[in-house]
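Comments concern the structure below.
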Amino acid sequence: MDELEDVKKRIEELRGKVNHHNYRYYVLDSPEISDLEFDQLMLELKRLESEHPQLITPDSPTQRVGAEPVEAFGVIEHPIPLLSLGNVFSDEDLRAWHKRIFGLVGGERFDFVCELKMDGLAVALTYEDGRLLKGATRGDGFRGEDVTQNLRTIRSIPLSVPRDAPRRFEVRGEVYMPWAGFERLNEERGNPGLPLFANPRNAAAGSLRQLDPRITAQRPLDIYIYALGWAEGAVPETHWEALEYFKSLGFRVNPNNALFSDLDGVVGYYREWLERKEGIGYDADGVVVKVNSIPLQERLGNIGHEPRWAIAYKFPAVQAVTRLLDIGISVGRTGTLNPYAILDPVSVGGVTIKQAALHNEEDIHRKDIRIGDWVIVQRAGEVIPQVVAPVAGRRTGGESPFSMPSRCPVCGAEVIKPEGEAMSRCTNPSCPAQVYESVKHFVSRGAMDIRGVGEKLTASLLEAGLIRDAADLYSLTPDKLMGLERMAEKSTSNILASIQKSKERPLSRIIFALGIRHVGGEMAEILALNFGSMSRLQEASYDELISIRAIGSAIAESIVIFFRQEANLRFIEKLRKAGLTQLEAEHRERGELPLSGQEFVITGRLERFSRAQAEARIKELGGSVGSSVTKETSYLVAGEEPSSKLKKAKALGTRLLSEDELHRLIGD
Ligand code: IVH
């Protein structure tokens, strides 16, 4: 018993630390410890929780990997509707807006808060008794979709708030996808040939509205909180104070928000961000100007779906027309042939564009883009500009349709396009382009994090034949490195030291570094946790993999295929010889959870816990929750006033549980 108390204390201590460092990293963007140290805390917490599943709570930082999929989203009514915003496109319109509301409040002067208008999707988060209770999309403003389990996977959304927060309250904010994450996601999707997202907003919406939260968990989503929905008890007098208060509760608030006492300040802010918006790393399509005083906001009220007290001053869209000179091909890490547009240089919103993304062959044909066409290019904010469409009216007849080459432009090997996939691939696993991309991935920050081995050095090392794959990095010597151009003694020893240091990276990083298709950072962690060593993972069968909650058929298949390939096994063997310390570090049995393999369906009203709590608890213990009774259902939990599900369960002979029995089973 004492021992369990100790474990409990350690778990609480670890959660406190992990939450603190998550907050430093994801909310404040100012970490205090290294990723490695963080991983160690997290791994210890995961280990203790998997050994003592009864101690898992829904607000534990380990519970962000994503719950079981649902068949459809529930509906959440917004007690106070989520409004949209009116738009203005010029200083003149902005001043007209100001004049109107200035008149409406009888000439009383007021301050403004200016915020960037993030281009994502609005969500409402409800907290009760210090915990995140539910989260919903905007929907039609009155009713949104219940995406609670998906929102829980976003690291910068606190699962719990300090004790002195109101007992119940709702905050609102924008879920968005930063550019870097958007590009990485599309790159990952391009490999198996999944359809690409057109822009970060679609990617954010698509990721949040996943029926399987485990997919959302792997998407690089983030959030800024920008408004209070409602709260029990006293609320701040001004919007600015509200924003400060959100920060004190641990929410992520945009640091670029600013307070102004006059409209000139507002116009200055707009001008400033029109210039600077390329530097923030995510799409912002304008500035939201809000009246600071909340009593004044209330006096001004709404007109239709829009508040009178706020307005969006939109940035102008940035498009230009230019000639598509040619279509180039780059070869990705897994051999995909990625077409891109080579353009007659053109200035789009002040930036000169020479290249733009073209997703895949089908996309090019669907848009009917031909070499030699005049095309519309757009920079919606993403770092990589896009070709939107051809200007068909300007064709001369000399344009030529695009077709994928049948030989790899880098190594000349045969190109294939597997059935059902959108991407063509080079068939040569030692194609220099693939090797180069694999080494880049291996040394990247989320993988082995080998500082100092950048793109240039990687290219020179490959070119000079000093390495033939990433594992060869471990056999580099000072002599070999010094032989390269522009390599000084100091940088040589720094680079060798960081290569040496990377030998201690945790198993999850090593798995990620292998670059297995569909295995991102989060999945690599799940694999490391479940298998504990590379050799166990190597031997895992398809069935064994698929029995893990977070692993679907595509991932399982890709892992099995990866470990079947001789070249990959040889690569791992090289890493083993190099002396990576964590490759076989933790031999551990997989912990089965008490309700693993049991499916529950709940009907009627529960008295002791909310439906969401009961579901969360069942899932924590390894069970799943279905929405209708089938042959697969293990238990029907019948509360007050059960629905027709009870009849169906009786007909099928499904085991019935009363609320008390459920309570005993999942004993909170
Ligand atoms: S305030 C009544 N602030 O813009 C106030 N909205 O066009 C309405 N948005 O649905 C929201 N950044 O999704 C507000 N700083 C910001 C925002 C913001 C982005 C989005 C939000 C809203 C849409 C309205």
Side-chain angles (χ1 to χ4, degrees), residues 76 78-89 93-94 97 101 112-125 135-145 147 151 154 156-157 170-178 199-209 221-230 235-236 238-240 242-244 246-247 251-260 266 269-270 273 277 280-294 296-315 317 380-381:
I76 290 185
H78 300 303
I80 300 195
L82 270 74
L83 301 175
S84 55
L85 285 170
N87 292 325
V88 292
F89 294 91
D93 292 348
L94 179 73
W97 166 76
I101 60 172
F112 306 89
V113 175
C114 287
E115 301 170 9
L116 290 171
K117 187 169 188 297
M118 285 78 70
D119 203 5
L121 70 160
V123 295
L125 307 172
T137 60
R138 175 173 184 275
D140 63 4
F142 301 97
R143 311 168 79 208
E145 286 171 322
V147 287
L151 287 165
I154 299 177
S156 47
I157 294 181
E170 181 209 294
V171 290
R172 295 168 177 187
E174 194 85 349
V175 169
Y176 67 94
M177 190 176 288
N199 54 50
R201 182 167 49 86
N202 289 359
S207 299
L208 191 63
R209 297 183 62 257
L221 295 174
D222 214 333
I223 191 168
Y224 277 128
I225 297 299
Y226 55 60
L228 181 67
W230 49 265
V235 292
T238 66
H239 181 58
W240 189 254
L243 293 173
E244 290 297 315
F246 299 153
K247 277 191 231 170
F251 289 103
R252 191 160 179 267
V253 174
N254 197 320
N256 302 317
N257 296 340
L259 182 63
F260 294 103
V266 172
Y269 181 91
Y270 174 85
W273 285 102
K277 68 176 162 46
I280 48 176
Y282 55 88
D283 274 354
D285 56 349
V287 164
V288 184
V289 186
K290 300 177 179 174
V291 170
N292 190 29
S293 156
I294 291 174
L296 266 194
Q297 288 184 359
E298 280 162 9
R299 258 169 67 195
L300 283 164
N302 311 325
I303 174 160
H305 281 314
E306 295 167 5
R308 284 198 188 82
W309 49 267
I311 196 91
Y313 189 176
K314 298 291 281 286
F315 295 134

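Every number for a ligand or one of its atoms is a count from 1 in the order of the listing. None of these values were measured; they are calculated from a predicted model.
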Which label fits Tyr269 and Phe260: parallel for a plane angle under 30°, tilted from 30 to 60°, or perpendicular past 60°? perpendicular
Evaluate the ring planes of Phe251 and Phe246, with Trp represented by its six-membered ring, and classify them as parallel (under 30°), tilted (30 to 60°) or perpendicular (over 60°). perpendicular
Among all protein heavy atoms in this structure, tell me which lies nearest to [atom], with the distance rounded to 0.1 Å.
atom: atom 11 (C) of ligand 1; answer: Tyr226 CE1, 3.7 Å
atom: atom 23 (C) of ligand 1; answer: Lys117 NZ, 4.0 Å
atom: atom 19 (C) of ligand 1; answer: Met118 O, 3.1 Å
atom: atom 5 (C) of ligand 1; answer: Leu85 CD2, 3.9 Å

Atoms in ligand 1 with a heavy atom of Leu116 nearer than 4.0 Å: 12 (N), 15 (N)
At less than 4.0 angstrom from any non-hydrogen atom of Ala122, what atoms of ligand 1 do you find? 10 (O), 13 (O)
With backbone taken as N, CA, C and O and side chain as the heavy atoms from C-beta onward, which portion of Lys290 lies under 4.0 Å from ligand 1: side chain, backbone, both, or neither? side chain
Under 4.0 Å, heavy atoms only, figure out whether ligand 1 is touched by the backbone of Leu82, its side chain, both or neither. neither
Side chains of Glu115 and His239: donor-acceptor distance under 3.5 Å anywhere? yes
Would you check whether [X] has a nitrogen or oxygen atom less than 3.5 angstrom from a nitrogen or oxygen atom of ligand 1?
X: Glu174; value: yes
X: Glu115; value: yes
X: Pro307; value: no

Looking at Arg308 and Glu306, is there a salt bridge between them, counting it only when a charged N and a carboxylate O are closer than 4.0 Å? no
Main chain of His305, side chain of Asn302: is a donor-acceptor contact present, judged purely on distance under 3.5 Å? no
Under the ring pair (Phe, Tyr, Trp, His ring centres under 6.0 Å) test against Tyr313, which residue among Tyr270, Trp97, Phe89, Phe112 passes? Tyr270
